[in-house]
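This report refers to the structure that appears directly beneath it.
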Amino acid sequence: MITSFYPPRRTLLGPGPSDVSPRVLGALARPTIGHLDPVFVELMDEIKTLLQYAFQTDNALTLPVSAPGSAGMEACFVNLVSPGDKVIVCQNGVFGGRMQDNVERCGGTAVLVKDVWGEPVSPDKVAAAFDAHPDAAILAFVHAETSTGVRSDAAALCQLATARGALSIVDTVTSLGGIEVQVDAWGADAVYSGTQKCLSCIPGISPVTFSPRAVERIQNREHKVQSWFLDMQLVMGYWGSGSKRAYHHTAPVNDLYALHESLVMLQEEGLDAAHRRHRRNHQGLVAGLEAMGLTMAVAAEYRLPQLNSVRIPPGVDDAATRSALLGEFDLEIGAGLGALAGVTWRIGLMGFASSERNVLYCLSALEDILGRQGAAIERGAALAAAREVFAG
Ligand SMILES: *Cc1c(COP(=O)(O)O)cnc(C)c1O
């Protein structure tokens, strides 16, 4: 007979999902109520307000899509891209590739701006793409590339789009809650995120926000949005303001309790403090890894504090190290992707998982396993180096 499932207790320091706060897990277990219950409608309004704070926006169309980050991505593309539209898509990692696929599935044409994996999107190349394609309707890019650990200059890229009369679509799945996301100050038009990275929440929800310009574009579409579920004109009927909420789909009621709790936690800590915590734990981790003799794969100025790409030292078995971390320490870190497979590890310090304790735990575990594999590392120096950062 199949019995209840009890997962092991892991420490999730990979590219996501990250550890969920116990407060959020507690919120999930509260009693389910109807998705049109007046009390639930109040919760929806609070979630909207809390998301506006997280995104730093006054956009009225700000809501959580009832599906993971990939659905938030798709929601932005299917609502804004019409057949025949030209979209400049920046690619410097995995997720830019998915953006291209989204554009093409909407009947648009993707103009690719490629940068090396491990480097940020080049605003100069984007400007050149607009010069070559002045009719481009949209610019799409990833703010925090989780596949490489690189931050791109969202403010500069959004400004470029605005100056050329184009809308911007920005992926902030890994940035929201971990580094500054300033939707209004950037002038970004369609921004999506996820709950499973730096929001300390469960996977499966995707906060999105659309500027008034983007809403106007959606309302003036000539073609129906090809996705019924993600059509914002329909979703707005359920999430829109006022009391006349119409059934569109059954909201994931308990998941939204969880999202609400995680956003309340973010508000309590404050965005600046949350960003400082991510930065400090990142600095502690880097100091420890470097004291051990390892080298980071991304230049310091573009590094994401929540996703640390580190080079695998010579002679070390990538897969064996990761499975020893999981098997002996219940600790998950991420493998490198694409050209970086077997070359880097990706150590996430996201949301609730971004703690001094986890930095020290990860450094100890890595030192132990690498030492036993006979890697040429410096032993006994990592924890002291991290502690020095934390004390400073
Ligand atoms: C994780 C991630 C996504 C996809 O989110 P899912 O919740 O896995 O669907 C999209 N973009 C980036 C940059 C991500 O890191």
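First listed ligand is number 1; within each ligand, the first listed atom is number 1. The first residue of the sequence shown is numbered 1, and numbering continues consecutively from there.
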Ligand 1 to [X] polar contact by distance, N or O atoms, under 3.5 Å:
{"X": "Asp171", "value": "yes"}
{"X": "Tyr192", "value": "no"}
{"X": "Gly69", "value": "yes"}

Identity and distance of the protein heavy atom lying nearest [atom]:
{"atom": "atom 8 (O) of ligand 1", "result": "Gln196 NE2, 3.1 Å"}
{"atom": "atom 14 (C) of ligand 1", "result": "Lys197 NZ, 3.0 Å"}
{"atom": "atom 9 (O) of ligand 1", "result": "Ser70 OG, 2.5 Å"}
{"atom": "atom 3 (C) of ligand 1", "result": "Phe95 CE2, 3.4 Å"}

- Item | Asn281 and Ser354: side chain donor to acceptor below 3.5 Å |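 Present: a donor and an acceptor within the cut-off.
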- Query: Would Val142 end up clustered with Val65 when hydrophobic side chains under 4.5 Å apart are linked, directly or stepwise?
  - Reply: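 Yes, one cluster joins them.
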- Item | ILVMFWY network linking Phe210 to Phe229, side-chain heavy atoms under 4.5 angstrom |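 Yes, same cluster.
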- State if Ala144 counts as touching ligand 1 under the rule of any non-hydrogen atom under 4.0 Å.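 Contact check Ala144 vs ligand 1: positive.
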- Consider ligand 1: state whether an atom of it lies below 4.0 angstrom from any non-hydrogen atom of His143.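 Outside the 4.0 Å threshold, so no.
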- Hey, which atoms in ligand 1 end up nearer than 4.0 Å to a heavy atom of Thr146?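 Taking each heavy atom of Thr146 in turn, ligand 1 has 12 (C), 13 (C), 14 (C), 15 (O) under 4.0 Å.
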- Message: At less than 4.0 angstrom from any non-hydrogen atom of Thr174, what atoms of ligand 1 do you find?
- Response: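 Going through ligand 1 atom by atom, the ones under 4.0 Å from Thr174 are 15 (O).
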- Any Lys/Arg nitrogen of Asp318 or Arg322 sitting under 4.0 Å from an Asp/Glu carboxylate oxygen of the other?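 Looking at Arg322 together with Asp318, the answer is yes, because their closest N to O distance falls below 4.0 Å.
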- Message: Within a 6.0 Å radius of atom CZ on Arg277, are there more than 12 heavy atoms belonging to other residues, nucleotides or ligands?
- Response: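 Counting neighbours around CZ of Arg277, more than 12 heavy atoms of other residues, nucleotides or ligands fall under 6.0 Å, so yes.
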- Taking the side chain as every heavy atom from C-beta outward, state whether Thr321 and Ile312 have any atom pair closer than 4.5 Å.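 They are not in side-chain contact.
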- Task: Identify the heavy atoms of Val235 and His248 that sit nearest to each other, and give their distance.
- Result: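 Shortest heavy-atom contact: CG2-CE1, 3.8 Å.
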- Item | Expected output: side-chain Asn92 to main-chain Asp115 donor-acceptor under 3.5 Å |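 Absent.
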